[in-house]
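Worksheet for the structure shown next.
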Amino acid sequence: MKRFLLFLFFFNFLFSLVAQQNIFFKPSDTLNTKRRNAVVISEATVGGLTLLGLNQLWYSDYERSKFHTINDNSEWLQMDKLGHVFSAYQLGSFGAKTLKWSGVRKKDQLLYGATLGFSFLTAVEILDGFSSEWGFSWGDFTANTAGTGLYIGQELLWKEQRIVMKYSFHRTKYASQRPDKLGNGFLEEALKDYNGQTYWLSANLHSFLPDTKIPKWLNLAIGYGGEGMLSGDKTLIVDNNLINQNRKRQFYISLDVDLTKIKTNSELLKTFFSVFNTIKIPFPTVEFTDKNSVKLHPIYF
């Protein structure tokens, strides 16, 4: 999963750099062939090089095998599956927005842009299928499909993203216990430590209640996380000793901000808001767990 998130953040970073160079140009009302070609060539090049790099630098360290599948749906309390949904959704959003900037018609934005995440992640999944270390996961494939469907479905139903998938992270005590597995340092831990990750569905209240005085930028967010995980499943044996992980599911209710709903005439700020709208804004949060506990966080990251 760390590969997917790293790729996602790299794409957002790349998009922000490109946007700053073209910050004074609004999305084209008609097809701009030069822009479209630049977008297609750039995405194809970056995606192709990324897959080539993964194949040569990552998978080459492990034994190749015949194509095979695995069932890893029970691992990590399904946090890795939500990571796939998030990655597919955000990459699809990026792909659609870049084609919109090029003046491509709406139908093609969804057909060729919003499926960017699904296409890339499926290619990575196929590489997994030929590696003896992993395997093609139908659970991951289904999650990729769900993330793409979340974006396309809302565009077809509402012609806007009323419900945005977001991510937040806080450091935990678990990474230091298994730094090789959960990361060593903030950046690695943000990508690898599922204990500190939370995935959110952030719904814009004004979009659903347009006749109210609710601020247009205010969202209600529902989150999911997990804690107590030192390995994919609950069985972890170290030095012939069974380690008790005390795993639990966490559910959250909080407020959030849809940065894209903040009015501004600055194209730079619009780009900034679009890129960082992938991150859940810290707010007071109520946490529920499957252990029947309730906790109030004054500010939750």
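Throughout, residue positions are numbered sequentially from 1 according to the sequence presented. Since the model is a prediction, treat every value here as computed from it, not as a measurement.
- Going from atom CG of L31 over to atom CZ of R105 covers 10.0 Å, rounded to the nearest 0.5 Å.
- In the hydrophobic cluster analysis, where Ile, Leu, Val, Met, Phe, Trp and Tyr join through side-chain heavy atoms closer than 4.5 angstrom, L236 is grouped together with L182.
- Transitive grouping of hydrophobic side chains (ILVMFWY, heavy atoms separated by less than 4.5 Å) brings I279 and I163 into a common cluster.
- Ring geometry for W134 against Y62 counts as perpendicular: the plane angle is over 60°, on a 0 to 90° scale with 30° as the lower cut.
- The shortest distance between side-chain heavy atoms of Y167 and W200 does not fall below 4.5 Å.
- L82 contributes atom CG, which lies 8.0 Å from atom CD of Q78 (distance to the nearest 0.5 angstrom).
- Taking the side chain as every heavy atom from C-beta outward, W217 and L259 never approach each other to under 4.5 Å.
- Within a 6.0 Å sphere centred on NZ of K234, other residues, nucleotides and ligands contribute 12 heavy atoms or fewer.
- Once rounded to the nearest 0.5 Å, the distance linking OG of S42 with CG of N37 reads 10.0 Å.
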Full working for side chain to side chain contact (heavy atoms under 4.5 Å, CB included) between F86 and M165 | CA-CA 6 Å; F86 173 81; M165 193 158 192; 3.9 Å; yes
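- In this structure the side chain of T142 never reaches within 4.5 angstrom of the side chain of N73, judged on heavy atoms.
- Around CZ of F169, the count of heavy atoms belonging to other residues, nucleotides or ligands within 6.0 Å exceeds 12.
- Relative orientation of the F136 and W138 rings is perpendicular, given thresholds of 30° and 60° on the angle between their planes.
- Here the straight-line distance linking atom OG of S102 with atom CZ of R35 works out to 7.0 Å at 0.5 Å rounding.
- Residues W58 and F130 fall into different hydrophobic clusters, defined by Ile, Leu, Val, Met, Phe, Trp and Tyr side chains chained together at heavy-atom separations under 4.5 Å.
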Side chain to side chain donor-acceptor pair (under 3.5 Å) between N277 and K166, intermediate numbers included | CA-CA 7 Å; N277 204 46; K166 295 193 176 188; 3.2 Å; yes
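- Annotation: side chain to side chain donor-acceptor pair (under 3.5 Å) contacts of E155 (sequence neighbours excluded): K106, Q161.
- Between D256 and S202 the shortest heavy-atom distance is OD2-OG, 2.7 Å.
- In this structure, CE on M79 lies 7.0 Å from OH on Y224, to the nearest 0.5 angstrom.
- Using a 4.5 Å heavy-atom cutoff, the side chains of F186 and R171 are in contact.
- In plain terms, the two heavy atoms of L77 and G226 that are nearest each other are CD1-CA, 4.1 Å.
- Applying the 6.0 Å contact sphere to NZ of K181 captures no more than 12 heavy atoms from other residues, nucleotides or ligands.
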All N/O donor-acceptor pairs, side-chain side in residues 294-301, below 3.5 Å, sequence neighbours left out:
{"residue": "H297", "atom": "NE2", "partner": "E287", "partner atom": "OE1", "Å": "2.6"}
{"residue": "Y300", "atom": "OH", "partner": "T198", "partner atom": "OG1", "Å": "2.7"}
{"residue": "Y300", "atom": "OH", "partner": "Y252", "partner atom": "OH", "Å": "3.1"}

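- Donor-acceptor pairing under 3.5 Å is lacking for the side chains of N244 and N246.
- Considering all non-hydrogen atoms of both residues, G228 and N195 come closest at N-OD1, 3.0 Å.
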Is there a salt bridge (charged side-chain N to carboxylate O under 4.0 Å, His left out) between D72 and K81 once you walk through the steps?
-> CA-CA 9 Å; D72 59 353; K81 298 298 177 280; 3.1 Å; yes
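- With hydrogens and angles disregarded, a donor-acceptor distance shorter than 3.5 Å links the side chain of Q245 to the backbone of S231.
- Within 6.0 Å of CG in D61 there are more than 12 heavy atoms belonging to other residues, nucleotides or ligands.
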What's the verdict on side chain to side chain contact (heavy atoms under 4.5 Å, CB included) for L269 and I262, showing C-alpha distance, side-chain angles and the deciding distance?
-> CA-CA 10 Å; L269 283 178; I262 299 177; over 6 Å; no
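- Side-chain N/O atoms of S254 and K280 include a donor and acceptor closer than 3.5 Å.
- For the atom pair CG (L230) and CZ (R178), the distance works out to 7.0 Å, reported to the nearest 0.5 Å.
- Contact annotation: the side chain of L51 approaches that of L127 to within less than 4.5 Å [non-hydrogen atoms, C-beta and beyond].
- A salt bridge is absent between D258 and K216: the closest approach of a Lys/Arg side-chain nitrogen to an acidic carboxylate oxygen does not fall below 4.0 angstrom.
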Would you please test I237 and I243 for side chain to side chain contact (heavy atoms under 4.5 Å, CB included) and show each step?
-> CA-CA 6 Å; I237 299 177; I243 305 299; over 6 Å; no
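- The two residues L110 and I152 have their closest heavy-atom pair at O-CD1, 3.9 Å.
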Could you go through the side chain to side chain contact (heavy atoms under 4.5 Å, CB included) check for D128 and Y59 one step at a time?
-> CA-CA 8 Å; D128 279 350; Y59 291 100; 2.5 Å; yes
